[in-house]
Each structure stands twice: as structure tokens, then as C-alpha cells.
Amino acid sequence: MIVIWLVVGIIVVTAAFFLPGNSVEAWPALNSAGLAVLIYLLALLLYTLRPPIPRKKIVISWILSLVVIVAIGFSWTGMERTTNWQRSQLSKIRTVTVRSMCLAEIPQLLGIVSQYHAQSPGKKASLLELFKRTFPETALGANIYKPQFGTDSLRVFVSAFSEGEITLIAHFPYAKGRDSDYVSYTGRKGSVQEKFILTEKGVRHESEN
Amino acid sequence: MNQKTDSDKRGSEPSEFSRGFIYVMVSITIAILILTFLFRQYRIDLPEFGVIGVGSSFEMYLGPWTQAGAITIERGLAEFSGKAAALVTLQQKLAILIRLSILFILGPALFFLGWRKRIINQESEILKSTWRGSTLLCVFGGILTFSIAIQAVPLAIIRHGVENDLRSAQAIAENKDCIITDMHMIAHDAFQFGILPKSLNGGNRSYENYVLPLRLRETANARYEMKLLDPHNLRIQAQSIPYSTCRITTHIDSLGQTGRWEYEGEFR
């Protein structure tokens with residue numbers, strides 16, 4: 001009888017576990033198997049907790065079993081909720097971090113504006129000339145950002161330029177922006193993008209996504 | 001004259017241990033000896049069967065939801081590093097399924113069915129004093145069942161408290177990060193004012209006459225106040241809006257760089 005219960009239990013739980021299919025998360029499979037386990041345990045309790053077991057023991061066993069099942073249920077659902085929340089928080093932290101990395105480019109751009117205004121009135125190089133001295137690779141659509149570390153995926157593109165105005169697009173492909181449908185400068189959807197417009201009046205910043 | 005003893009009249013004494021008990025006892029002993037020898041001779045490192053960040057001696061008592069949670073965190077960290085989340089591997093799935101089956105199928109089935117069988121057998125005076133194989137299985141099932149049952153209620157209570165603390169701490173940290181970002185924006189704006197000539201409404205290498213723009217005086221994160229320390233140095237103070245006891249102070253130098261950060265309240 002024990003063997004039958006064990007074999008049936010393992011078959012049912014295994015089938016329920018693999019029912020949801022492949023996923024990046026273990027929760028769909030585990031929750032499906034958990035439901036099967038709950039039904040199995042209730043059936044097991046119904047079968048075992050009956051006469052000739054004394055009535056008092058039956059009642060106490062049922063109460064304790066239900067308390068444990070409910071407590072495990074709280075731990076189970078709580079763990080899923082907490083870890084999913086932590087995962088979303090990591091995504092949020094990453095977005096805040098990459099925006100800060102984008103904004104960290106502003107001082108360098110303001111340095112160019114400072115150089116521009118520090119020039120003597122007679123010999124004034126244009127803003128674009130000063131920009132090209134700092135970023136020799138400047139060209140339409142060129143990425144002028146040098147990665148700071150191995151997985152640094154920030155890109156800063158020159159989207160437009162003239163003698164007195166340079167427009168830069170800072171794009172972070174793997175960080176989620178505000179709008180998941182927003183199409184970025186590179187064609188990728190939903191990622192963080194900041195725009196910087198450099199003029200003689202300073203740097204104007206627009207957070208695009 | 002035949003001498004007969006009392007024991008001859010009643011037949012042979014029932015053995016304290018049934019044949020099944022001895023078979024199960026010997027089988028378990030041999031199995032443990034073989035497994036011990038194998039694991040000592042051939043060490044197996046199977047990270048898929050463990051729980052990330054937990055010592056191996058404790059993790060056998062953790063529920064399969066802990067493994068699933070560890071996988072979720074692992075995916076979150078991979079995304080944080082800019083990597084795409086991979087599918088759960090077959091080894092990880094099997095590890096969870098095995099743990100689930102042992103703790104919630106094998107343990108309870110052996111314990112409850114063995115317990116019921118013992119109670120039924122206790123009706124027999126002879127069998128009452130006999131150790132049977134089912135007794136051992138019942139004890140083994142009880143160990144598995146109670147290892148998860150005893151900690152269930154305390155863990156559920158502790159976990160709830162930990163979750164609340166975690167959310168509260170994260171909310172405070174998020175507010176702090178956002179305020180720091182806002183203060184950097186103020187530093188950029190002040191520096192921009194300083195480098196522009198007076199003809200462009202700038203400060204001409206000075207912060208005198210600099211006024212915080214309306215959009216930077218108050219955000220969803222905090223209220224900001226500025227004080228001119230000298231023509232080349234500013235002090236900015238932020239008062240958190242959601243956490244009234246939390247403040248951040250920073251100084252901005254002539255190059256627009258922030259420094260001398262001070263944190264008050266829960267921001268410390």
C-alpha cells in the first residue's frame with residue numbers, strides 16, 4: 001500500500017511539474033507541482049486519519065497538519081512574491097544607475113562649453129571644432145563613448161551637429177526605460193535613452209525613455 | 001517423566017524484531033555504508049542541487065521554494081549585469097523536483113501510512129512488542145516530515161517580518177539614490193550658470209546671483225535649498241519628502257564637483 005501511494009504521488013507530481021514547459025523561471029513548474037502535492041497530501045490525510053485511530057488523535061493530527069500546510073503555503077507564496085519583487089528592484093536599480101552614468105557625461109560636455117567661453121574674442125574656435133578636439137571620432141551616427149568596464153554597454157551617438165549645436169543620444173540597450181514600446185535610436189524597443197543638446201548656452205538634457 | 005517447561009506449553013516466544021525489520025535495517029545499513037564510501041572516494045560537486053548562498057549542511061532542510069527563489073534572484077542578477085535570462089536547466093528542475101518529492105511525498109506517505117499500520121497492529125498483543133520494517137520506514141518518514149513541519153510556522157512568521165523590513169529599507173535607499181541624482185543635476189545647472197558669460201545670463205566664473213530653477217527646488221523625492229558660501233562654493237541641502245527625518249547636504253566647488261556629503265536620519 002505504501003509503495004502504491006509513493007508511486008502514484010511521484011507520478012502525479014512529476015507530471016504536474018513538467019506540465020508548464022520550459023521557462024526562465026522555476027515558479028510555474030513548482031506552483032503546478034505544489035497544487036498536485038496539496039491534493040495528494042489532503043488525500044493521504046483523509047485516508048490515514050480515520051478509525052481505528054482514536055478520534056482525539058485524528059482531530060489533533062488534522063489541526064496540526066492544516067496549520068503546517070497553511071504556514072508552508074504562506075512561506076511558498078511569500079518567497080515567490082519577495083523574490084519577484086527583488087528581481088524587479090534590481091531592474092529598477094540598474095535603470096537608476098545607467099541614467100546616472102548617462103548624466104555623468106554632462107560635466108565633460110560643460111567643460112567644452114567652458115573652453116568655448118574662455119577663448120579670447122578674436123580667435124574663437126566653434127563649438128563643433130572644440131567638440132571634435134575632445135572627440136576626434138565625431139561623425140554623424142558615430143559612437144563617441146569609450147566603455148569603462150567589460151560589460152559596459154552604454155553608447156553615446158552623435159545624432160546631429162552644426163557649428164553651434166551638437167545633439168547626442170545616450171542609449172543603454174539592456175536597461176528598461178519608462179515605456180516598453182519606445183523605439184530607441186538604435187531601433188531597440190523599451191530601453192533607456194537620454195538626449196543632450198550642446199550649445200553655447202550650455203547643455204540641455206531631455207530624458208526620452 | 002517428561003519434563004516440560006512453561007515455554008513449551010505456549011510455543012516459541014515472539015521475536016522482538018520481525019523479519020521485515022531486520023531486512024530493512026540491514027538494507028539501510030549497507031546502503032549508507034556504500035554511499036559513504038562512494039562520496040568519500042568520489043567527491044561530487046553539484047551546484048544545481050544546492051541553494052545559492054547557503055551552506056550545504058543546512059540546505060537539505062530548506063523547501064524547494066527556496067531553490068526557486070534563488071533561481072529568480074540569479075536571473076535578476078544576470079539581467080542587472082546586462083545578460084539575457086537563460087531557461088531553467090534540467091538539472092535545476094530535477095533538483096527542485098527531487099527535494100519536493102522527498103519532503104512532501106516520501107516523508108508524509110511513509111510517516112502517516114506507517115503510523116496507521118502500527119496503530120492497527122497494536123491491536124495484536126504479539127505484534128505490539130515487535131519491531132517491524134514499517135516501523136523504521138515510519139521513523140524515517142517522520143524525520144523528513146517533521147524536518148519541514150517544525151520550522152514551517154516560525155519561518156512563515158520570520159519571513160513576513162523580513163519581507164516588510166526589506167521593502168522599507170529598499171524604499172529608503174531608492175529615495176536616497178534619487179535625491180543624490182537630483183543634487184548632481186543641481187550641480188550641473190549651477191556649474192553651467194557659472195561658466196556662462198553675463199551676456200548669456202551666466203555668472204561669469206562665479207556662483208553669485210545663481211538661483212535654483214523652479215523645477216529643481218522641489219521634486220517628488222525632496223525639497224532643495226541652496227546657500228552661497230562664497231562666489232565659488234555652494235551648499236545644497238535636500239529634505240526628503242516621504243521621510244521627514246532624512247536629509248542630505250553636499251557642497252559644490254568652482255568646477256561643479258560635489259563633495260563633503262552628509263547624511264541624516266535613516267540615510268546614514
Side-chain angles (χ1 to χ4, degrees), chain A residues 1-2 5-6 9-10 13-14 17-18 22-27 29-30 33-34 37 40-41 44-45 48-49 52-53 64 67-68 71-72 74-76 78-87 89-94 96 99-100 103 106-107 110 113-114 117 151 153 174 200-203, chain B residues 63-69 71-73 75-77 79-82 85-88 92-93 96-97 100-101 104-106 108-110 112-116 119-120 123 134 137 148-149 152-153 155-156 159-160 163 166-167 170 174 177-178 181 184-185 188 191-192 195-197 200 256-257:
Chain A
M1 179 56 69
I2 291 177
W5 274 93
L6 286 175
I10 288 169
V13 168
T14 304
F17 187 82
F18 286 104
N22 287 329
S23 168
V24 296
E25 287 283 357
W27 290 110
L30 187 59
V37 160
Y40 175 85
L41 286 175
L44 182 67
L45 290 171
T48 53
L49 298 180
I53 293 177
L64 290 176
V67 165
V68 167
I72 289 173
F74 271 120
S75 292
W76 189 305
M79 178 65 79
E80 183 180 7
R81 186 176 55 242
T82 304
T83 52
N84 280 327
W85 172 79
Q86 285 177 305
R87 185 177 173 180
Q89 288 301 115
L90 281 170
S91 179
K92 232 180 182 180
I93 291 168
R94 179 172 170 81
V96 169
R99 281 198 209 282
S100 296
L103 297 176
I106 291 179
L110 287 175
V113 175
S114 179
H117 290 294
T151 53
S153 54
Y174 301 114
E200 63 169 13
K201 291 182 183 175
V203 177
Chain B
W65 53 87
T66 310
Q67 280 178 295
I71 291 172
T72 302
I73 299 296
R75 297 293 181 269
L77 289 171
E79 287 167 352
F80 186 84
S81 304
L87 293 174
V88 179
Q92 286 173 322
K93 282 186 177 179
I96 294 172
L97 182 61
L100 186 70
S101 299
F104 293 100
I105 303 294
L106 183 70
L110 289 178
F112 282 105
L113 291 168
W115 181 44
R116 180 177 171 77
I119 288 177
I120 291 169
E123 291 177 358
S134 60
L137 295 177
I148 200 81
V153 173
L155 273 183
R159 198 213 53 76
H160 179 70
E163 183 182 349
L166 202 60
R167 285 178 186 265
Q170 178 54 33
E174 191 179 327
D177 287 341
C178 289
T181 301
H184 280 127
M185 291 303 296
H188 296 153
F191 182 59
Q192 182 169 284
I195 60 176
L196 291 179
L200 290 174
Q257 290 172 346

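Just so we're on the same page: letters track the sequence lines, and every chain starts at 1.
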Give, as side chain, backbone, both or neither, the part of [X] having an atom under 4.5 angstrom from any heavy atom of chain A.
X	answer
B:L200	side chain
B:L87	both
B:Q257	neither
B:H188	both

Which of [options] touches chain B most, by non-hydrogen pairs under 4.5 Å:
options	result
A:G78, A:G9, A:S91	A:G78
A:A29, A:S114, A:G202, A:S153	A:S114
A:T48, A:I72, A:L44	A:T48
A:I2, A:I53, A:N22, A:V13	A:I53

Item checked: Minimum-distance pair of heavy atoms, taken over all atoms of B:L100 and B:P64 ->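 So the minimum-distance heavy-atom pair works out to CD1-CG, 3.6 Å.
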
Note to self: Using a 4.5 angstrom heavy-atom cutoff, name the option from B:P197, B:G256, B:G114 with the most pairs to chain A.
What the structure shows: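 Top count of heavy-atom pairs under 4.5 Å with chain A: B:P197.
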
Next item on the list: Considering only heavy atoms and a distance below 4.5 Å, find which of B:M185, B:Q192, B:E174 pairs most often with chain A.
Entry: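 Most pairs with chain A among the choices: B:Q192.
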
Item checked: Residue A:L30 versus chain B: region with a heavy atom under 4.5 Å ->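 Interface part for A:L30: side chain.
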
Item checked: Which portion of A:L45 sits near chain B, non-hydrogen atoms under 4.5 angstrom ->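 Just its side chain gets close to chain B.
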
Check: Would you call B:E79-B:R75 a salt bridge at under 4.0 Å N-O?
Finding: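 B:R75 and B:E79: not salt-bridged.
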
Checklist line | Partner set under salt bridge (charged side-chain N to carboxylate O under 4.0 Å, His left out) for A:R99, not counting sequence neighbours | finding: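 Partners of A:R99 by the salt bridge (charged side-chain N to carboxylate O under 4.0 Å, His left out) criterion, ordered by chain and then number, come out as A:E194.
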
Notebook entry, point to check: What is the ring orientation for A:Y40 with A:W5, classed by angle as parallel under 30°, tilted 30 to 60°, or perpendicular over 60°?
Noted result: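 Answer is perpendicular, since the angle exceeds 60°.
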
Next item on the list: Return the set of residues passing side-chain hydrogen bond (donor to acceptor under 3.5 Å, both in side chains) with A:Q86 (not counting sequence neighbours), or none when no residue passes.
Entry: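 A:Q86 satisfies side-chain hydrogen bond (donor to acceptor under 3.5 Å, both in side chains) with no other residue.
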
